[in-house]
Amino acid sequence: MLKTATLSFILVGCATVLSAQTKSDSAPAAPWSTGDARLDAKVADLLSQMTLEEKVGQLVQHSSDDHPTGPATKSNILAEIRAGRCGSMLNVTGAAYSKTLQEVAVNESRLHIPLLFGYDVIHGYKTIFPINLGQAASWDLKAIENSERIAATEAAAAGIHWTFSPMVDVARDPRWGRMSEGSGEDTFLGTKIAVARIHGFQGDDPKRDDWVLACAKHFAAYGAAQAGRDYFTTELSERTLREVYLPPFKAAVDAGVATFMAAFNDLNGTPASGNTFLLNTILRREWGFKGFVVSDWGSINELQMHGIASSPRDAVRHAFRAGVDMDMESKMYYPELVTLVHAGDITEDQVAVSAGRILAAKAKLGLLDDPYRYNHPEREKAEEMKPENLLAARDLARRSCVLLQNVNHTLPIKKTQTVALIGPLADSRIDILGSWRARGETSDAVTFKEGFEQVLGAKNVFYAKGCGITEPSVEGFADARSAARKADVIVAVLGEGWEMTGEGHSRTSLDPPGQQLALLTELHELGKPLVVVLTCGRALTLEKVLPLADSVLVAWLPGTMGGPAIADVVTGAYNPSGKLPVTFPRNVGQLPIFYNHKSSGRPQPPGERVQYRSNYIDSPNSPLFPFGYGLSYTQFTYKNLRLSTKRLKQDGSLDVRVTLKNTGSYDGEEVVQLYVRDLIGSVTRPVRELKGFQKVFLKKGESRDIDFTLSPQDLAFYRADMTFGPEPGDFQVFVGGDSDATLHASFALAGSDE
Ligand code: NOJ
């Protein structure tokens with residue numbers, strides 16, 4: 001027989017206090033319900049025994065003092081845990097270490113409630129995969145999901161219950177350093193990747209102990225910060241917010257994501273961490289999200305600096321009322337929430353709902369049955385960096401590479417050729433891992449130099465650093481020249497280091513920094529075949545790079561196995577198949593630039609600059625490389641675009657078929673992309689929008705029909721009256737290898753009376 005527990009709680013968004021029996025069939029489920037009556041009873045039982053202070057304690061998250069990931073202030077964490085004033089910790093890793101803290105919570109706190117350990121497992125835990133933007137360039141949902149499954153397995157074995165990932169912020173401005181952590185500029189691609197990541201982390205069987213709770217962050221519109229400045233203001237119309245920035249978050253809810261993180265930024269005058277419209281109206285009421293919301297690091301405190309709260313207590317009032325359940329490192333929910341309850345500003349029932357959500361997460365993870373489920377050091381050892389993990393990291397790093405230029409088929413090089421590997425990033429262990437390297441060890445990283453030596457043999461690789469990443473010295477140029485003279489091919493590894501992207505690392509210049517362009521100029525003057533391997537965490541401006549190089553390969557920051565992976569691509573063991581998840585501009589003045597913009601009333605005629613049109617006088621409007629762009633060692637041709645109907649009915653569907661042929665001399669993969677343009681709407685519509693993609697492998701000479709299906713729902717948008725749905729009228733569909741695809745056909749969406 002299940003134990004029946006009585007619990008008071010409020011329904012979200014209404015002030016009615018209900019008394020519910022969690023077991024009763026007729027009573028509504030508690031807002032935090034786990035969906036499992038046995039676990040619900042456990043949570044309710046705990047809540048019924050907890051003091052107000054203990055309930056508030058569940059809403060408090062402290063960072064470990066080692067490796068803080070924000071501006072840390074010290075506190076006596078053990079005392080807080082013993083007193084039941086800490087429900088969760090971040091930055092605690094290792095099965096043994098987290099067990100010692102768990103023992104304090106379980107053995108020394110009054111109600112023995114285990115802690116929830118959260119950590120930034122962003123692109124791998126021990127085995128580091130390419131940075132997230134690089135992964136997005138693979139357009140390979142299976143490989144991405146698999147990378148998160150591996151990350152979850154390694155992290156769970158190291159005592160971690162919860163990752164602060166995926167970051168699903170759409171980012172249209174590469175000045176923003178955190179573009180590296182997301183999936184780029186496109187909502188459709190970003191939404192698909194968000195779902196793949198959540199499935200990878202959370203798995204589909206909660207009984208397994210190798211899954212971790214995922215967290216959709218940063219809610220919301222953090223990537224739209226003005227001028228690309230981190231933590232900065234965003235001003236967006238509700239239509240743009242809902243059409244561009246929210247869909248990956250909504251998809252995360254539908255995919256069952258366990259938690260959300262509120263963002264730092266001010267959105268239209270209300271900071272996201274105190275934003276009722278976002279957290280209550282949209283997330284809870286419209287989308288029905290049942291998990292819990294954590295603040296970002298210190299973001300409750302920051303409501304004061306934003307100028308919306310006059311004191312810590314006021315900040316807590318704003319954040320909690322808006323819907324933030326857990327306080328990450330503001331150290332304010334305790335004691336301010338207690339005071340606010342005593343003052344009658346917030347009810348204890350409201351606190352109980354938030355505490356219930358957090359306890360429910362612990363229950364679902366199995367921690368209320370066995371607090372040490374994730375604490376087996378022998379398992380930790382066995383799981384980390386298994387050969388198959390390293391192979392998957394190498395494979396995803398290869399799949400992420402985007403070939404931007406390949407004059408005279410300089411790539412792939414022959415395995416018999418000698419290589420001069422030059423540049424400040426060619427032999428750097430730390431940079432290859434990128435920011436957020438979790439517990440990835442630099443000693444485990446295989447650099448480009450080491451990777452090329454493995455693949456070509458050490459005697460065939462001549463290395464010189466040439467210069468630093470940002471430093472002014474050119475002393476190393478002479479060594480670089482002499483190494484280059486010895487080799488058949490020069491491979492210059494240039495770009496950004498790990499510290500140039502990620503949180504708090506926005507830039508105003510997007511050129512390769514320091515003396516790197518000068519080094520490239522010197523190498524170019526030697527007249528040898530010259531390949532640039534570019535490491536970066538954002539779109540860079542490459543107008544100065546392209547004329548100096550024969551081939552340009554974007555490797556991003558490729559992770560633990562980056563070296564051998566890129567050597568595989570350069571030598572042709574793997575034929576590049578990545579496509580840009582973000583537009584590469586010509587210059588910073590074009591920013592923000594993204595493919596799915598609107599048309600002006602005076603659009604520039606293609607390729608022409610005409611007076612009184614919406615063009616620059618000193619730069620083309622077009623980017624250097626469009627979204628979706630990427631070359632292969634082979635060639636793909638698209639022909640014979642066919643539509644199953646020219647008139648799509650409201651309850652019908654439209655099949656789009658194109659014939660893809662590999663006409664070059666290598667086997668290879670192509671990302672076939674489908675874009676749609678809605679020609680006339682009740683509000684203006686983007687010039688094109690991605691609505692489908694498939695990554696297809698074709699042997700050389702092979703051709704295949706590729707099919708997509710569109711339904712009226714795929715054409716939906718926020719209409720003039722802000723209802724969501726498609727509008728009858730004329731559309732164009734484009735299919736090709738990037739967002740400039742020219743092969744197109746037309747159809748009409750019929751009205752509902754047809
Ligand atoms: C701040 C970052 O914005 C967030 O993404 C991260 O998860 C937290 N710090 C915790 O490290």
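Predicted, not measured: the structure shown is a model, and the values here were computed from it. Order of appearance sets the numbers: ligands from 1, and atoms from 1 within every ligand.
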So does Phe289 get a backbone contact from the side chain of Arg284, meaning a donor-acceptor N/O pair under 3.5 Å? yes
Stepwise ring pair (Phe, Tyr, Trp, His ring centres under 6.0 Å) test for Tyr222 and Trp176: CA-CA 10 Å; Tyr222 183 37; Trp176 190 49; 5.0 Å; yes
Side chain, backbone, both or neither: which part of Met328 has a heavy atom under 4.0 Å from ligand 1? side chain
Within 45 degrees of the axis of the six-membered ring of Trp32 and under 6.0 Å from its centre: does Lys55 put its NZ or CZ there? no
Minimum-distance protein heavy atom relative to atom 10 (C) of ligand 1: Asp120 OD2, 3.2 Å
For ligand 1, indicate whether the residue Glu329 contacts it via side chain, backbone, both or neither (heavy-atom separation under 4.0 Å). neither
In ligand 1, which numbered atoms sit nearer than 4.0 Å to a non-hydrogen atom of Trp436? 11 (O)
So Arg242 and Glu286, salt bridge (charged side-chain N to carboxylate O under 4.0 Å, His left out) or not? Walk me through it. CA-CA 12 Å; Arg242 286 183 181 274; Glu286 267 183 42; 2.9 Å; yes
Pair Phe164-Trp297, ring pair (Phe, Tyr, Trp, His ring centres under 6.0 Å): steps then yes or no: CA-CA 11 Å; Phe164 305 124; Trp297 182 297; 9.5 Å; no
Which of the numbered atoms in ligand 1 are under 4.0 angstrom from any heavy atom belonging to Phe164? 7 (O)
Separation between CE of Met561 and OG1 of Thr127, rounded to the nearest 0.5 Å: 9.5 Å
Once you restrict to heavy atoms under 4.0 Å, what part of His218 touches ligand 1? Side chain, backbone, both or neither. side chain
Residue, atom name and distance, where the atom is the protein heavy atom closest to atom 9 (N) of ligand 1: Asp296 OD1, 3.4 Å
Quick one: does Met167 get within less than 4.0 Å of ligand 1, heavy atoms only? no
Just how far is it from atom CD1 of Ile308 to atom OG1 of Thr270, taken to the nearest 0.5 Å? 4.5 Å
Glu503 heavy atoms within 4.0 Å reach ligand 1 at atoms 1 (C), 2 (C), 3 (O)
Which bit of Asn91 is near ligand 1, meaning a heavy atom under 4.0 Å away: side chain, backbone, both or neither? neither
Set out, in order, the CA-CA distance, both residues' side-chain angles and the distance that settles ring pair (Phe, Tyr, Trp, His ring centres under 6.0 Å) for Phe188 and Trp139, then state yes or no. CA-CA 11 Å; Phe188 183 87; Trp139 297 54; 9.0 Å; no
Is there any N or O on Lys217 that sits under 3.5 Å from an N or O of ligand 1? yes
